[in-house]
Visitor: 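One structure coming up, written as structure tokens, with questions to follow.
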Amino acid sequence: MIEQYDNFLDPKDLERVVNDTDDVSWRIQSSNGSGNDFLHYDVSDREYYNKHLWGQLRPILDGDYKVDEIYFNGQWPGRDGSLHIDNCVRTVLLYVNPSRPEWGGFTQLISGDEQIIIPPVQNRLIVFDGNIQHKGYAFSNQNCPMRITLAFKLKWEPHSMYTVETTTQ
């Protein structure tokens, strides 16, 4: 149901992802219109993310998917998200910045009667069904940095996309 991979990226790739969040033009977005806004920075059209990092993700996935969106989420302390679903087949989250256990910043996932809490350990990747209710919590102290995740929203790609055409002579 939920897969977790610690130390997912090699140090060079992690450094690149972290650096890509410096001095960006964040925009405000709400996950379900509740007024619990978070910051959003779309990188779907950047080859590093849609080719290089996507190429590293594909081998761990349980099926054939295509990327619908790739973006950073940013949450300042005190700006928790709201419970929502992503309306995609699979969601992949990478925790980008360093954290400390006392800061909070975990992701809450709710499936039926089960509640799962994932701590935001830097370079931890989680993969889950995009229709599971979930919520990102900001770091708890006003002196903490922004909590940043990199999200990949995935859609199913039918096998028919990979059929080989043959010609006859």
Side-chain angles (χ1 to χ4, degrees), residues 1-32 36-63 65-77 79-100 103-109 116-139 144-157:
M1 178 161 117
I2 298 167
E3 300 166 56
Q4 178 178 304
Y5 304 88
D6 287 341
N7 299 309
F8 183 74
L9 296 177
D10 68 45
K12 185 176 178 180
D13 281 326
L14 179 62
E15 180 180 10
R16 164 85 187 260
V17 170
V18 169
N19 289 339
D20 279 353
T21 63
D22 292 338
D23 300 320
V24 299
S25 297
W26 294 97
R27 69 179 184 86
I28 296 175
Q29 182 165 319
S30 176
S31 57
N32 66 4
N36 291 0
D37 301 329
F38 60 92
L39 299 175
H40 178 94
Y41 177 60
D42 193 292
V43 291
S44 299
D45 62 347
R46 294 179 58 183
E47 190 171 309
Y48 177 76
Y49 294 92
N50 65 34
K51 298 274 192 254
H52 179 72
L53 290 186
W54 173 236
Q56 291 183 41
L57 286 172
R58 289 189 78 171
I60 66 164
L61 298 172
D62 61 354
Y65 300 97
K66 69 177 185 174
V67 174
D68 187 37
E69 293 179 83
I70 308 169
Y71 57 89
F72 288 99
N73 285 317
Q75 293 175 274
W76 286 111
R79 300 293 292 190
D80 295 336
S82 298
L83 280 173
H84 66 281
I85 59 172
D86 286 338
N87 294 315
C88 62
V89 175
R90 301 292 276 169
T91 298
V92 178
L93 284 180
L94 176 72
Y95 296 97
V96 174
N97 52 333
S99 66
R100 296 182 185 161
W103 290 356
F106 56 86
T107 301
Q108 174 187 28
L109 298 110
I116 299 164
I117 303 298
I118 309 287
V121 175
Q122 184 180 39
N123 203 15
R124 173 174 285 165
L125 184 87
I126 60 172
V127 181
F128 58 94
D129 182 323
N131 290 308
I132 292 177
Q133 272 196 317
H134 61 283
K135 174 180 178 175
Y137 286 83
F139 292 141
C144 292
M146 182 187 305
R147 172 196 185 263
I148 300 174
T149 58
L150 178 62
F152 286 75
K153 288 188 178 179
L154 308 178
K155 292 191 172 192
W156 185 251
E157 182 162 69

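Values below: every heavy atom of this structure, side chains too, minus hydrogens, waters and symmetry copies. Everything quoted here is computed from the prediction, not taken from an experiment.
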Visitor: Write down the atom of Y48, the atom of H52, and the distance for their closest heavy-atom approach.
Guide: O-CB, 3.1 Å
Visitor: Does any non-hydrogen side-chain atom of F8 lie less than 4.5 Å from one of I60?
Guide: yes
Visitor: Under the side chain to side chain contact (heavy atoms under 4.5 Å, CB included) rule, collect the residues that match up with V43, sequence neighbours excluded.
Guide: Y41, R46, Y49, I70, F72, L150
Visitor: Within this structure, what is the NZ-CZ distance for the pair K135 and F106, rounded to the nearest 0.5 Å?
Guide: 8.0 Å
Visitor: Please determine whether the number of non-hydrogen atoms from other residues, nucleotides or ligands lying under 6.0 Å from atom CG of D22 exceeds 12.
Guide: yes
Visitor: Between the side chain of Q75 and the main-chain N/O of R79, is any donor-acceptor distance below 3.5 Å?
Guide: yes
Visitor: CG/L125 to CZ/F152 distance, rounded to the nearest 0.5 angstrom?
Guide: 8.5 Å
Visitor: Taking all atoms of both residues into account, what is the closest heavy-atom pair of I85 and N131, and its distance?
Guide: CG2-O, 3.3 Å
Visitor: Can you check whether L39 reaches I28 side chain to side chain, under 4.5 Å on heavy atoms?
Guide: yes
Visitor: With side chain to side chain contact (heavy atoms under 4.5 Å, CB included) as the criterion, how do L9 and L53 come out once you've worked through the C-alpha distance, each side chain's angles and the decisive distance to 0.1 Å?
Guide: CA-CA 9 Å; L9 296 177; L53 290 186; 3.7 Å; yes
Visitor: Atom CG in L154, atom CH2 in W54: separation rounded to 0.5 Å?
Guide: 4.5 Å
Visitor: Would you say F139 and P120 make side-chain contact, with heavy atoms under 4.5 Å?
Guide: yes
Visitor: Does the side chain of R124 reach to within under 4.5 Å of the side chain of P119, using non-hydrogen atoms?
Guide: yes
Visitor: Is there a side chain to side chain contact (heavy atoms under 4.5 Å, CB included) between V67 and N50? Walk through the geometry before answering.
Guide: CA-CA 8 Å; V67 174; N50 65 34; 5.6 Å; no
Visitor: Identify the two heavy atoms, one from V121 and one from Y95, that lie closest to each other, and give their separation to 0.1 Å.
Guide: O-CB, 3.3 Å
Visitor: Please give me the minimum heavy-atom distance between M146 and G74, naming the atom from each residue.
Guide: SD-CA, 3.5 Å
Visitor: When rounded to the nearest 0.5 angstrom, what distance separates CZ in R16 from CG in D10?
Guide: 12.0 Å
Visitor: Side-chain contact test, heavy atoms from C-beta onward, threshold under 4.5 Å: evaluate it for H84 versus Q133 and give yes or no.
Guide: no
Visitor: State, to 0.1 Å, how close H134 and I132 come at their nearest heavy-atom pair, and which atoms those are.
Guide: ND1-O, 2.9 Å
Visitor: Here's a test for you: under side chain to side chain donor-acceptor pair (under 3.5 Å), which of T107, N97, N73, D80 qualifies with R147?
Guide: T107
Visitor: Can you tell me how far apart CD1 (I148) and CD (Q122) are? Round to the nearest 0.5 Å.
Guide: 10.5 Å
Visitor: Nearest 0.5 Å, please: how far is CZ in R27 from NE2 in H40?
Guide: 4.5 Å
